[in-house]
Amino acid sequence: MISAEDARAPALGPLGIWSYQLDVQPMAVAQKAAAELDELGFGALWVPEALAREPFAGTALLLSATDRLMVATGIAGLHCRTAMTMNAGWQTLSEAFPGRFLLGVGVSHQSMVEGNHQGRYGNRPYSTMVDYLDRMDAGIFMGAAAPVAPRRVLAALGPRMLRLAAERGAGAHTYFVPVEHTAAARETLGGDALLAPAQTVVFETDASRARDIARRFMHRYLALPNYTNNLRRSGWDDDDLGGGGSDRLVDAIVAWGSLEQIAARIQAHLDAGADHVCVQVLTSDPRTLPETEWRELASLIPSLRTRSAT
């Protein structure tokens, strides 16, 4: 079991970047982009584990190219490695980059676990997570200890996993959620745990074009029961979830419009109880780095109001 010190939430600042695009760039390009994100003042860079880079290797290389930026896995799948290996990677990066690595752990999705990793997902993801965390915390690691206590968050959507995130880590990373989920998650987590929702955005003021880009992103997630079940708990129904998402659902999941409109959505998450919002920028080409949009987002950092500042 991790100690109370280990569980204490890290200070990430109000705004971070969540990026798949960095995973598909040559590493030298990704490192240069991460260094600019660091200079722009973002608190954290979140990288996924899906069909591109292995997150511990990729994270180490991004951390080595930056000075202050925290880099977080959003998320490292527990079915992809043993608990002992996950713990070793966590401890290794936490020692090499004190206070700058945040481990995000999640159960992922049945289709990915069984289709891509030839694993067994099972029908009890909550129990799987509890057992995995127990084995992580009981694992042997004989490497050098980190000078700053390692931190971890859990990918969580439902109430049970959210409560576990507060009990067994620094808090929760949520994904594909509207603002009302952030408010409910804060109530479930309590006041001390970190809450870091991802918010997908499109810098496009034409509704038709913006929603087209958003639906191309959303269709894969609307095929995953973890996300659709979570949306149903919040009152969304078949009419909203079908056909790539109703306009109402698209607008709730993906913020689009001007910088001011996108800023309002980010602030809405912060007002609802988020400590840190990690923004994923969509463009018409999903493999292109949205560097111009990242620079525009950076201009918002001084004006965003967090829970601790209100």
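Keep in mind it's a predicted model, so treat the numbers as computed, not measured. Numbering starts at 1 and runs along the sequence shown.
Taking each heavy atom of Ala156 and Ala172 in turn, the nearest pair found is CB-CB, 4.1 Å. Nearest heavy atom pair, residue Gln199 against residue Val277, reads CB-CG1, 3.8 Å. Nearest heavy atom pair, residue Gly171 against residue Ala193, reads CA-CB, 4.0 Å. Closest approach of Glu49 to Pro55, counting heavy atoms only: OE2-CD, 3.3 Å. Residues Ala33 and Leu289 come closest through the heavy atom pair CB-CD1, 4.0 Å.
Following chains of ILVMFWY side-chain contacts shorter than 4.5 Å, one cannot reach Met129 starting from Leu162, and the two form parts of different hydrophobic clusters. The same ILVMFWY cluster, assembled from side-chain heavy atoms under 4.5 Å apart, contains both Ile301 and Val279. Side-chain heavy atoms closer than 4.5 Å link hydrophobic residues (I, L, V, M, F, W, Y) into clusters, and following such links, even through other members, never connects Leu195 to Leu164.
No side-chain heavy atom of Val177 sits under 4.5 Å from any side-chain heavy atom of Ile253. A heavy-atom distance below 4.5 Å is found between the side chains of Met136 and Leu103. In this structure the side chain of Asp271 never reaches within 4.5 angstrom of the side chain of Val179, judged on heavy atoms. At a threshold of 4.5 Å between non-hydrogen side-chain atoms, the residues Leu222 and Tyr227 do not count as touching. Pro48 has its side chain within reach of Asp23: a pair of non-hydrogen atoms, C-beta onward, lies under 4.5 Å apart. Under the 4.5 Å side-chain criterion, counting only non-hydrogen atoms from C-beta, Met86 is in contact with Tyr132. The shortest distance between side-chain heavy atoms of Asp240 and Leu231 does not fall below 4.5 Å. Side-chain contact between Arg307 and Arg186: present, with at least one pair of heavy atoms (C-beta onward) separated by less than 4.5 Å.
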(message) For a salt bridge (charged side-chain N to carboxylate O under 4.0 Å, His left out) check, start with the C-alpha distance between Arg81 and Glu54, then their side-chain angles and the critical distance, and finish with the verdict.
(response) CA-CA 11 Å; Arg81 53 192 59 81; Glu54 193 283 321; 3.1 Å; yes

(request) Under the side chain to side chain contact (heavy atoms under 4.5 Å, CB included) rule, what do Tyr20 and Trp46 come out as? Steps first, then yes or no, please. (result) CA-CA 9 Å; Tyr20 166 78; Trp46 296 75; over 6 Å; no

(message) Run Thr283 and Glu293 through side chain to side chain contact (heavy atoms under 4.5 Å, CB included) and show every step you take.
(response) CA-CA 10 Å; Thr283 64; Glu293 292 87 345; 3.9 Å; yes

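Within the 3.5 Å criterion, the main-chain N or O of Leu157 finds a donor-acceptor partner in the side chain of His181. Judged by distance alone, the side chain of Ser127 and the main-chain N or O of Arg124 form no donor-acceptor pair under 3.5 Å. When atom types are taken as modelled, the side chain of Gln91 and the backbone of Ala146 share no donor-acceptor pair closer than 3.5 angstrom. Formation of a donor-acceptor pair under 3.5 Å by the Gln21 side chain with backbone atoms of Val281 is found in this model. Distance alone, capped at 3.5 Å, is enough to place a donor-acceptor pair between the Thr188 side chain and the Ala184 backbone. Between the side chain of Trp90 and the backbone N or O of Arg151 there is at least one donor-acceptor pair closer than 3.5 Å. Looking at His173, its side chain never comes within 3.5 Å of a backbone N or O of Ala155 through a donor-acceptor pair. Side chain of Asp247 to backbone of Val250: no donor-acceptor contact under 3.5 angstrom is found.
Salt bridge Asp237/Arg232: absent, no basic N to carboxylate O contact under 4.0 Å. A salt bridge between Arg168 and Asp134 is present, with a side-chain N of the basic residue lying under 4.0 Å from a carboxylate O of the acidic one. Salt-bridge check for Asp251 with Arg265: failed, with every basic side-chain N at 4.0 Å or more from each acidic carboxylate O. The residues Glu204 and Arg211 are annotated as not salt-bridged, no charged nitrogen and carboxylate oxygen being separated by less than 4.0 angstrom. Between Asp137 and Arg152 a salt bridge is recorded (basic side-chain N to carboxylate O distance below 4.0 Å).
Asn230 and Arg233 share a donor-acceptor pair across their side chains, judged by distance under 3.5 Å alone. Looking at His269 and Thr182, their side chains do bring a donor and an acceptor atom within 3.5 Å of each other. In summary, the side chains of Gln280 and Tyr175 do present a donor paired with an acceptor at a separation below 3.5 Å, with no hydrogens or angles considered.
Residue Leu241 holds its CG atom at 8.0 Å from OG of Ser246, rounded to the nearest 0.5 Å. Note that the CD atom of Glu291 and the CG atom of Leu40 stand 10.0 Å from one another [nearest 0.5 Å]. Separation of atoms CZ (Phe56) and CG (Leu61) is listed at 13.5 Å; rounding is to 0.5 Å.
More than 12 heavy atoms of other residues, nucleotides or ligands sit less than 6.0 Å from atom CZ of Arg220.
Of the listed residues (Leu45, Thr66, Leu62), just one forms a side-chain contact (heavy atoms from CB on, under 4.5 Å) with Leu37, and that residue is Leu45. When each of Val202, Thr200, Val254 is paired with Ile213, the side-chain contact (heavy atoms from CB on, under 4.5 Å) condition holds for Val202 and for no other.
With sequence neighbours left out, Thr288 forms a side chain to side chain contact (heavy atoms under 4.5 Å, CB included) with Asp285. With sequence neighbours excluded, no residue forms a ring pair (Phe, Tyr, Trp, His ring centres under 6.0 Å) with Phe203. Residues passing the side chain to side chain contact (heavy atoms under 4.5 Å, CB included) test with Thr92, sequence neighbours excluded: Phe141. With sequence neighbours excluded, the residues satisfying side chain to side chain contact (heavy atoms under 4.5 Å, CB included) with Glu180 are Pro178, Trp236. Not a single ring pair (Phe, Tyr, Trp, His ring centres under 6.0 Å) links Phe42 to another residue, sequence neighbours left out.
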Just distance, no hydrogens or angles: give the donor-acceptor pairs under 3.5 Å from side chains in residues 68-78, sequence neighbours left out.
from	atom 1	to	atom 2	distance (Å)
Arg68	NH2	Glu39	OE2	3.4
Thr73	OG1	Gly104	N	2.7
Thr73	OG1	Gly104	O	3.0

